[in-house]
Amino acid sequence: MAPNETDDTTTAGEVEEPRAGRRRAARYIVPVTVMGVAAATIGLVPALADSGDPDLPDITAAQLIEKIAQSDVERLSGTVKITTDLGLPDLGGLESGLLSGAAGGEDGEGGSSADPSGRLTELASGTHTLRVAADGPDRQKLSLLENAAEYSLIHNGKDVWGYDSASNEVYHATVDEADTKERSAQRPPATPKDFAEEALKAVDDTTSVKVDGTAQVAGRDAYRLVVEPKQSGSTVGAISIAVDHETGMPLKFTLTPAGGGSAVVDVGFTKVSFDRPDASTFRFTPPKGAKVTEDTEQDRAHGGFGGKPERGPKSEEDLAKGLDGLRMLGEAWNTVATFDTGTGAGLPTEEAGGDLGGFLGSLGDQVKGDFGKGTVFSTRLVNALITEDGTVYVGTVTKDALVKAAEAGK
């Protein structure tokens with residue numbers, strides 16, 4: 001066996017086992033939140049460069065997981081690259097437009113191009129470079145670098161600022177300490193550390209977790225932790241986490257699909273320092289002539305960026321309250337979420353919907369089963385089936401596994 005490689009496989013028996021419901025929810029949430037990675041509010045979103053295989057002391061998977069859990073890094077600065085490739089069809093900007101619109105972005109009524117809920121959705125596709133900095137829970141900064149322009153999101157104490165240099169627009173909101181802590185606990189995964197923690201919640205006897213050698217990320221020595229499903233039928237091929245040897249902080253998160261090819265998500269540092277950033281990094285004053293949009297009471301009442309977050313549900317039971325009869329079918333990596341749209345009707349067929357039905361049908365595959373007829377919409381990671389009666393089935397499973405789940409769920 002090569003140095004720094006172990007063949008031990010960690011399961012729930014080696015790590016504190018979470019409750020079954022939490023594990024099932026985490027299994028479902030981890031890949032799905034990949035699609036919403038850009039929706040995080042005050043997140044740092046990192047990607048990387050590997051070179052060389054450093055010689056590090058041997059470590060087991062269980063020890064490395066514990067090292068991640070004990071990591072307490074709160075101060076850092078660096079440059080980040082994030083690449084997301086879900087394999088969505090190129091519809092001339094429709095994808096980014098829909099994401100921005102759903103998040104209440106710049107094209108929405110009364111919106112601002114500096115509103116982070118819209119701008120950060122850009123990270124959900126393509127490759128982006130960012131500068132990041134953090135000094136504890138009260139000060140963070142993320143800058144999205146663009147051609148001859150820059151978008152910055154700054155959290156400094158009670159103030160949250162968004163600034164779009166291209167339009168010279170500013171977004172301002174205020175948060176209190178309780179809001180900041182709750183938002184931090186509820187926001188979707190945004191950093192390699194966030195993704196790693198969510199992924200490791202899902203560890204059970206259907207999962208292989210092993211240390212697979214070493215790597216160098218942004219000039220730092222790291223162990224490589226690999227998480228793989230043992231079950232067939234999952235679209236998740238493997239999750240690779242590069243863990244800093246010194247601090248235990250995840251430096252890179254890569255999710256590759258079972259179908260092969262490039263990573264669906266590759267998030268990591270290209271440069272990183274754990275020194276405290278200068279205080280001036282987090283200071284912001286609106287430039288002269290800038291249009292400033294203040295977060296409103298109405299925004300706060302609805303969980304807007306500056307208010308008390310009303311984030312996604314914390315459990316399957318809470319999630320079910322927001323959807324019509326949400327259920328989880330299958331187990332572990334093959335879990336499929338199903339719910340009713342409440343309309344009693346699914347997508348229009350080509351016959352019934354004319355051009356609209358034909359267009360929607362061209363984006364998906366028509367299927368039949370005990371559930372009747374339906375359309376499967378696929379990405380490289382997440383597949384969704386919408387039946388003719390308006391029932392939705394979605395999961396990180398193959399199309400065949402999704403159809404079987406739908407048949408079993410009837």
Side-chain angles (χ1 to χ4, degrees), residues 1 4-34 58-71 189 192-213 223-243 248 250 253-260 264-265 314-317 319 326-338 381-383 393-409:
M1 183 180 302
N4 304 315
E5 294 188 6
T6 72
D7 61 359
D8 66 301
T9 298
T10 299
T11 65
E14 294 176 272
V15 187
E16 183 178 356
E17 183 174 359
R19 292 175 301 179
R22 182 182 181 188
R23 208 168 47 232
R24 283 164 55 83
R27 180 88 66 197
Y28 171 70
I29 289 169
V30 170
V32 172
T33 51
V34 167
D58 289 344
I59 191 171
T60 68
Q63 289 170 336
L64 190 53
I65 291 172
E66 182 65 20
K67 192 177 184 70
I68 295 172
Q70 293 179 352
S71 178
K193 186 175 190 295
D194 293 333
F195 280 113
E197 289 174 346
E198 289 297 327
L200 295 177
K201 289 178 185 176
V203 171
D204 61 16
D205 58 7
T206 68
T207 308
S208 167
V209 183
K210 62 183 179 181
V211 178
D212 187 21
Y223 292 103
R224 194 188 304 275
L225 187 70
V226 177
V227 180
E228 296 176 298
K230 293 180 180 179
Q231 298 169 298
S232 61
S234 174
T235 54
V236 177
I239 295 170
S240 177
I241 304 166
V243 183
F253 176 97
T254 303
L255 191 155
T256 53
V264 173
V265 173
K314 302 176 184 177
S315 66
E316 293 175 30
E317 181 180 354
L319 184 56
L326 178 87
R327 293 182 295 146
M328 294 293 184
L329 308 175
E331 295 180 351
W333 294 91
N334 290 345
T335 298
V336 171
T338 179
L381 185 67
V382 180
N383 288 322
Y393 300 86
V394 61
T396 54
V397 297
T398 63
K399 183 176 76 172
D400 289 343
L402 193 63
V403 169
K404 289 180 180 178
E407 291 178 330

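For Asp212 (side chain) and Arg224 (main-chain N/O), no donor-acceptor pair under 3.5 Å exists by modelled atom type. Under a 3.5 Å cut-off, the side chain of Thr338 and the backbone N or O of Arg327 do not form any donor-acceptor pair.
Heavy-atom minimum distance, Ala61 versus Lys210: CB-CA, 4.1 Å. Heavy atoms only, all atoms of each residue included: Gln231 and Asn334 are closest at OE1-N, 3.6 Å. In terms of heavy-atom proximity, Val336 sits nearest to Ala405 at CG2-CB, 3.9 Å. Between Glu228 and Gly237, the shortest heavy-atom contact is CG-O, 3.9 Å. Summarising the geometry of Val236 relative to Ser234, their closest heavy-atom pair is N-OG, 3.0 Å, with the distance given to 0.1 Å.
Sequence neighbours left out, the pairs with a member in residues 393-402 that pass salt bridge (Lys or Arg N to Asp or Glu O under 4.0 Å) are Asp365-Lys399.
Every residue two or more places apart in sequence or in another chain was checked for a side chain to side chain contact (heavy atoms under 4.5 Å, CB included) with Ala258, and none qualifies. Take Val243 and apply the side chain to side chain contact (heavy atoms under 4.5 Å, CB included) test, not counting sequence neighbours, and it matches Leu64, Ile68, Ile241.
The line from CZ of Phe253 to CG of Leu225 is 11.0 Å long, rounded to the nearest 0.5 Å. Separation of atoms NZ (Lys404) and OH (Tyr393) is listed at 16.0 Å; rounding is to 0.5 Å.
Results of the side chain to side chain contact (heavy atoms under 4.5 Å, CB included) test with Leu402 over Val397, Leu329, Val394 single out Val397 as the only residue that passes.
Looking at heavy atoms from C-beta onward, Val382 lies out of side-chain contact with Thr235 at the 4.5 angstrom threshold. Between Thr206 and Pro229, the closest side-chain pair of non-hydrogen atoms is not below 4.5 Å. Side-chain atoms of Thr60 and Val211, non-hydrogen and from C-beta on, never get closer than 4.5 Å to each other. Contact annotation: the side chain of Trp333 never approaches that of Thr396 to less than 4.5 Å [non-hydrogen atoms, C-beta and beyond].
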